[in-house]
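Worksheet: one structure, shown below.
Index from 1, following the sequence. What's counted below: heavy atoms across the whole structure, side chains too, no hydrogens, waters or symmetry copies.
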Amino acid sequence: MGKIEIFDTTLRDGEQSAGVNLHADEKLEIACQLERLGVDVMEAGFPASSRGDFLSVQRIARTIQKCSVAALARSTKNDIDAAWEAIKEGGNPRIHVFIATSPIHMEHKLRMTPEQVVQKAVESVRYAVNFTSNVEWSAEDATRSDWDFLVEIVTKVIDAGATVVNLPDTVGYATPQEYAGMFRYLRERVPNIHRAKLSAHCHDDLGLAVANSLASIEGGAEQIECTINGIGERAGNASLEEIAIALAIRKQVYQAETGLELNQIVRTSRLVSKYTGLAVPPNKAVVGANAFAHESGIHQDGVLKNKLTYEIIRPEMIGLSSNAIVLGKHSGRHAFRNKCEELGIQLDDERFHLLFKHFKELTEKRKEVTDEDIMALAADLTGKEKGTDAYELVFLQVHYGAQGVSTATIGIKTPEGEFVQEAATGNGSVEAIYQTIQRLLPEPIELMDYRIQSTTSGIDSLAEVYVKVKHQGHVGTGRGIDNDVLGASAKALLDAINRIMVKVRAGAVLATNHH
């Protein structure tokens with residue numbers, strides 16, 4: 001069996017999904033869960049893009065030691081310097097440099113000749129190997145590049161010191177046959193190919209990202225780049241869980257396997273979904289809510305007689321279990337801490353005590369508290385700004401009239417520590433709440449998206465609200481959780497505003513440093 005290395009780029013390419021705005025604490029928790037999942041490499045970010053991203057990558061690299069932490073860099077010394085400075089304290093750090101190689105990118109984006117691109121690529125790799133021998137080089141838009149040009153540039157970057165060569169389907173253009181063919185073409189014609197691993201990185205614009213990734217293995221790829229739940233720019237990236245399970249179930253076909261802990265898949269998927277606010281579609285392969293649901297009578301009859309009739313994946317394989325321990329009001333700190341560890345929740349002592357307090361409050365309102373409830377409560381704490389530099393909801397009162405306008409009265413604590421309150425009306429309760437918060441803020445807010453879901457079934461379920469807003473020229477997402485839908489709505493909007501404020505402050509610091 002061949003070993004396929006998994007390069008997870010959830011924290012870099014995945015975070016570039018429209019509207020996703022992860023806090024540093026959330027990124028770190030996802031990174032720790034990716035380490036438990038057993039990825040070989042995690043791309044933690046693009047350090048040169050912002051001060052906040054640099055610090056986040058640096059923090060992850062200092063924490064994660066069981067897998068390689070990679071940082072992305074354009075083919076410039078400044079980018080490579082920033083990447084190395086961010087990851088140098090990690091275990092087996094990797095610098096990932098890239099440059100476009102397709103005619104359309106070279107001419108219209110780079111405004112460089114093919115000869116200049118080759119020279120730039122070689123120079124950047126040579127510079128990066130001064131810091132580490134673990135250097136990956138990517139040919140952006142490889143699938144729309146000339147294959148003979150790829151042979152030339154790949155040969156030269158390997159000579160310059162690249163140990164991994166990535167051939168991305170950047171715009172999701174290739175078919176599986178074409179993509180596998182490109183890998184075979186390079187394997188047969190690059191004379192020094194034995195000195196580097198070939199890597200695949202596929203986007204899902206035509207819905208072929210997973211198929212292309214699997215085809216690349218047949219073409220000789222030894223590393224697959226993917227994201228949890230397939231998140232990413234535009235239509236997203238290849239889905240890690242789909243690739244991992246396809247290789248596990250069809251091992252004899254691909255003659256390859258990963259080193260992943262497959263029973264961590266569901267937990268990782270749910271964590272990423274909760275923090276990004278990107279819901280997993282019910283019919284999503286492997287991790288969708290309906291992935292193991294059988295509605296048809298024929299299917300139900302077959303599964304009852306023998307699960308293999310309609311289920312090719314055992315739920316336990318990916319971490320789904322029907323015998324989860326449910327906590328209640330008599331559960332103590334020790335049992336609760338064990339449950340948190342089991343769920344992969346990592347909080348400092350201060351936030352653990354706060355989480356336990358919220359858990360106990362919830363047990364007063366409902367008989368049983370599920371894993372989903374605990375994860376939702378933890379997610380609500382992770383990423384919140386400590387101290388007084390954030391808006392905080394103090395109280396909320398809403399008057400709703402079925403035939404008239406609704407009125408909301410809200411009190412909040414400002415970043416300066418002051419208490420302010422305001423009231424406003426709206427055509428519905430949520431609109432009244434948002435109109436009131438708008439009055440409490442100095443600049444306008446544009447609500448771009450609003451989504452609500454429950455953590456579990458039942459009328460006593462916790463409500464989770466996700467919003468996307470535009471404020472001070474920035475787009476940000478927010479998350480709120482509460483027993484009450486309206487409370488969750490108010491918290492979600494304030495969370496989005498607080499996250500945007502962090503971005504604004506980081507931008508101001510970066511601008512000051514540049515000056």
Side-chain angles (χ1 to χ4, degrees), residues 7-17 20-73 78-96 131-132 134 227-228 231 268 271-272 274-276 340-341 344-352 354-355 378-387 389-390 476-477 479 495 498-510 512-513:
F7 178 111
D8 182 274
T9 184
T10 302
L11 294 170
R12 201 278 300 170
D13 208 336
E15 203 206 1
Q16 291 175 205
S17 304
V20 172
N21 180 20
L22 293 172
H23 188 278
D25 289 344
E26 294 167 337
K27 289 184 181 180
L28 181 61
E29 189 164 340
I30 290 173
C32 290
Q33 181 57 34
L34 290 172
E35 187 177 39
R36 291 187 204 98
L37 178 61
V39 302
D40 298 283
V41 187
M42 70 173 73
E43 190 167 47
F46 186 4
S49 65
S50 71
R51 179 66 177 168
D53 212 34
F54 174 89
L55 293 173
S56 178
V57 173
Q58 186 179 62
R59 186 180 177 194
I60 290 169
R62 287 171 174 171
T63 305
I64 302 299
Q65 298 294 320
K66 292 181 182 178
C67 68
S68 178
V69 175
L72 187 68
N78 287 342
D79 273 28
I80 295 169
D81 287 340
W84 177 247
E85 190 63 29
I87 62 173
K88 66 182 181 181
E89 296 177 55
N92 192 23
R94 176 180 296 185
I95 297 175
H96 181 194
F131 301 108
T132 175
N134 191 355
T227 62
I228 301 299
I231 65 173
T268 313
L271 185 70
V272 170
K274 201 166 288 294
Y275 284 163
T276 60
C340 289
E341 290 175 358
I345 297 169
Q346 292 190 330
L347 297 170
D348 57 32
D349 288 342
E350 179 186 344
R351 284 182 171 170
F352 172 78
L354 190 55
L355 178 61
D380 195 47
L381 285 180
T382 304
K384 299 295 185 186
E385 288 297 289
K386 292 182 179 180
D389 55 346
T477 56
R479 178 181 62 247
D495 185 44
N498 289 332
R499 288 171 187 263
I500 288 174
M501 286 173 57
V502 171
K503 289 173 68 173
V504 170
R505 286 197 296 266
V509 170
L510 189 63
T512 302
N513 290 341

Legend entry - Gln33 side chain to Leu271 backbone, donor-acceptor under 3.5 Å: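 Not at all, since once roles are kept as given, no pair shorter than 3.5 Å links the two residues.
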Legend entry - Glu35 side chain vs Lys66 backbone, donor-acceptor pair below 3.5 Å: yes
Point-to-point distance, once rounded to the nearest 0.5 Å, from [atom1] of [X] to [atom2] of [Y]:
X: Asp8; Y: Asp40; atom1: CG; atom2: CG; value: 10.5 Å
X: Leu72; Y: Asp13; atom1: CG; atom2: CG; value: 9.0 Å
X: Asp495; Y: Ile500; atom1: CG; atom2: CD1; value: 10.0 Å
X: Leu11; Y: Thr9; atom1: CG; atom2: OG1; value: 8.0 Å
X: Glu15; Y: Asn21; atom1: CD; atom2: CG; value: 7.0 Å

Shortest non-hydrogen contact between [X] and [Y], atoms and distance:
X: Thr10; Y: Thr227; value: OG1-CA, 3.4 Å
X: Phe46; Y: Ala73; value: CE1-CA, 4.1 Å
X: Ala378; Y: Tyr275; value: O-OH, 4.3 Å
X: Ser68; Y: Arg94; value: OG-CB, 3.7 Å
X: Ala83; Y: Pro47; value: CA-CG, 3.9 Å
X: Ile345; Y: Glu29; value: CA-OE2, 3.9 Å

Does some side-chain heavy atom of [Y] sit less than 4.5 Å from a side-chain heavy atom of [X]?
X: Asp25; Y: Arg59; answer: yes
X: Ile64; Y: Cys32; answer: yes
X: Val20; Y: Ile231; answer: no

Inset, instruction - Dump the intermediate steps for side-chain contact (heavy atoms from CB on, under 4.5 Å) on Val69 and Gln58, then the final yes or no. - result: CA-CA 10 Å; Val69 175; Gln58 186 179 62; over 6 Å; no
Inset, instruction - Take Arg479 and Glu26, measure what salt bridge (charged side-chain N to carboxylate O under 4.0 Å, His left out) needs, and give me the verdict at the end. - result: CA-CA 12 Å; Arg479 178 181 62 247; Glu26 294 167 337; 3.0 Å; yes
Legend entry - Stepwise side-chain contact (heavy atoms from CB on, under 4.5 Å) check, Thr276 with Ser17: CA-CA 9 Å; Thr276 60; Ser17 304; over 6 Å; no
Inset, instruction - Determine, stepwise, if the pair Ile30 / Met42 fulfils side-chain contact (heavy atoms from CB on, under 4.5 Å). - result: CA-CA 10 Å; Ile30 290 173; Met42 70 173 73; over 6 Å; no
Inset, instruction - Just do the salt bridge (charged side-chain N to carboxylate O under 4.0 Å, His left out) check on Lys27 and Asp53 with the steps written out, would you? - result: CA-CA 10 Å; Lys27 289 184 181 180; Asp53 212 34; 3.0 Å; yes
Legend entry - Residues Asn134 and Thr132: side-chain donor-acceptor under 3.5 angstrom: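 Per modelled atom types, Asn134 and Thr132 side chains form no pair under 3.5 Å.
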Inset, instruction - Mind running side-chain contact (heavy atoms from CB on, under 4.5 Å) on Leu37 and Ile228 for me, showing each step along the way? - result: CA-CA 11 Å; Leu37 178 61; Ile228 301 299; 4.0 Å; yes
